Amino acid sequence: MKLQEKAPAKINLALDTPMRYFDGLPRWDMVMTSVDLADYVTVETHQQPGTIRVFTDSCYLPNDQRNLAFQAAHILHSRFHRTDGVTIRIKKKIPVAAGLGGGSSDAAAVLRALNKIWQLGLSQGELARLSLSIDSDVPYCIYSQTAHVTGHGEQVDLLPAFPHYWAVIAKQKISVSTPAILRQINYEQIKHLQVDKLIERIKVGEWADTFQYMGNVLEPVTAAQYPQITKIKDRMLRLGADAAQMSGTGPTVFALCHNESRARRVENGLRGFCREVYRVMLL
Ligand code: ATP
């Protein structure tokens with residue numbers, strides 16, 4: 001049996017970390033949402049026992065157990081003692097190592113697809129719990145809807161969708177290593193966000209009032225190495241974006257615009273200045 005799943009990119013409306021756990025990983029306090037920039041993941045089961053194969057159209061990605069989509073298939077395959085094999089084909093549209101959670105979203109898509117193909121009957125919460133060992137963003141990507149994400153990433157509380165906003169996403173030709181950025185967080189120096197206020201505004205639908213509470217405490221860490229991040233963000237705001245900030249550990253910067261013509265202006269104003277620019281709707 002064969003199924004195709006859409007795997008949308010995520011952006012962080014808020015990214016904060018109050019502390020590091022004893023295992024060295026950050027405790028997260030994030031608000032995430034997803035955009036209509038997506039990979040397409042086709043999952044097919046076959047009779048060759050035990051084999052998991054991954055094919056992608058990107059030369060930057062591993063096809064073996066290092067691929068997060070492979071790891072997702074392996075988790076369900078071993079836990080449910082499946083004897084059939086799995087072939088995964090990924091059409092990559094989300095830039096890699098960009099802070100857009102592309103690998104995590106591919107993994108979540110594989111989990112959703114195999115849950116249906118093998119009729120495992122797992123709830124979204126159960127899939128999210130199983131997926132945390134792959135990457136901290138995978139539990140969120142099981143849902144790919146606006147949510148407050150805490151803990152190691154496993155606590156996902158859904159929020160109302162952000163309606164009718166455009167995102168202009170700008171990815172420069174640099175790849176950022178997430179573990180390297182996380183190691184550099186200095187907890188003494190973090191200027192924490194008011195994530196609870198952002199959530200309050202989203203819940204009552206006061207969208208225009210949410211922007212002042214957005215933020216990403218990792219932005220100064222990544223921007224210290226890549227000053228272009230701040231330049232792109234300033235340019236987006238000058239071109240009329242309602243809000244602009246870095247997503248995840250970067251280097252991607254996104255602008256939010258309510259108005260389509262404003263979004264086009266931001267998009268056009270970045271072309272020639274930045275290698276990859278996408279204008280998409282928030283989901
Ligand atoms: P995160 O912020 O969740 O760590 P990201 O959005 O910055 O992730 P990804 O595109 O998910 O970045 O890639 C991060 C790393 O994961 C890269 O080094 C990449 O080689 C590896 N990876 C493994 N599988 C995939 C996949 N299916 N798609 C993208 N990257 C993958």
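Just so you know, residue 1 is the first one in the sequence shown, and it goes up from there. Whatever order the structure lists them in is the order used to number ligands and atoms, beginning at 1. Just so we're clear, the structure is a prediction, and the values are computed from it rather than from any experiment.
For the pair Gly248 and ligand 1, no heavy-atom separation below 4.0 Å is found.
Distance screen at 4.0 Å: atom 15 (C) of ligand 1 has no protein heavy-atom neighbour inside the cut-off. Counting protein heavy atoms under 4.0 angstrom from atom 26 (C) of ligand 1 gives one or more. There is a protein heavy atom closer than 4.0 angstrom to atom 10 (O) of ligand 1.
Residue Asp106 has at least one nitrogen or oxygen atom sitting less than 3.5 Å from a nitrogen or oxygen atom of ligand 1, judged on distance alone. Distances between N or O atoms of Gly250 and those of ligand 1 include no value under 3.5 Å. For Lys92, a nitrogen or oxygen atom sits less than 3.5 Å from a nitrogen or oxygen atom of ligand 1, counting backbone and side chain alike. Inclusion of Ile90 in the set of residues having an N or O under 3.5 Å from an N or O of ligand 1 is not warranted. Between Val96 and ligand 1, a contact under 3.5 Å exists for no N or O pair.
Nearest protein heavy-atom contact of atom 24 (N) of ligand 1 is Leu68 N, 3.0 Å. With hydrogens left out, the protein atom closest to atom 6 (O) of ligand 1 is Gly101 N, 2.6 Å, a heavy atom. The shortest contact between atom 4 (O) of ligand 1 and any protein heavy atom is with Thr178 OG1, 3.0 Å.
Within ligand 1, counting atoms from 1 as listed, the ones closer than 4.0 Å to a heavy atom of Ser104 are 3 (O). Numbered from 1 in the order shown, with element, the atoms of ligand 1 that lie under 4.0 Å from a heavy atom of Gly99 read 5 (P), 6 (O), 7 (O). Annotation for ligand 1: atoms under 4.0 Å from non-hydrogen atoms of Asp137 are 1 (P), 2 (O), 3 (O).
When heavy-atom distances to ligand 1 are checked against a 4.0 Å cut-off, Leu100 comes that close only through its backbone atoms N, CA, C and O. Under 4.0 angstrom from ligand 1, there are no non-hydrogen atoms of Val176. Contacts of Leu61 with ligand 1, taken as heavy-atom pairs under 4.0 Å, involve the side chain alone. With a heavy-atom cut-off of 4.0 Å, Arg66 touches ligand 1 through its backbone alone. Only backbone heavy atoms of Ala98 (N, CA, C or O) come within less than 4.0 Å of ligand 1; its side chain stays farther off.
For the pair Arg201 and Trp207, the NZ or CZ position fails the cation-pi test of under 6.0 Å to the six-membered ring centre and within 45 degrees of the ring normal.
Defined by atom type and a distance below 3.5 Å, a donor-acceptor pair is present between the side-chain atoms of Ser104 and Asp135. In this structure, a donor-acceptor pair under 3.5 Å is absent between the side chains of Ser247 and Thr252. Looking only at atom types and distance, the side chain of Asp16 has a donor-acceptor partner in the side chain of His192 under 3.5 Å away.
In this structure, Leu193 CG and Tyr213 OH are separated by 12.0 Å, a value rounded to the nearest 0.5 Å. Put simply, CZ on Arg279 and CZ on Arg271 are 9.0 Å apart, with the number rounded to the nearest 0.5 Å. Note that the CE atom of Met214 and the CG atom of Leu13 stand 5.0 Å from one another [nearest 0.5 Å]. Asp242 CG to Leu237 CG: the interatomic distance, rounded to the nearest 0.5 Å, is 9.5 Å.
For Tyr165 and Phe211, the distance between ring centers is under 6.0 angstrom.
Evaluated for a side chain to side chain contact (heavy atoms under 4.5 Å, CB included) with Val176, the options Thr222, Ile229, Leu218 yield exactly one hit, Thr222.
A salt bridge does not link Asp39 with Lys93: none of the charged nitrogens is closer than 4.0 Å to a carboxylate oxygen. Ion pairing of Arg89 with Asp57 is absent here, as no side-chain N (NZ or NE/NH1/NH2) approaches a carboxylate O to less than 4.0 Å.
Heavy atoms only, all atoms of each residue included: Tyr187 and Thr17 are closest at OH-OG1, 2.7 Å.
With Gly103, Pro62, Ala97 as candidates, the residue nearest to atom 13 (O) of ligand 1 on a non-hydrogen basis is Ala97.
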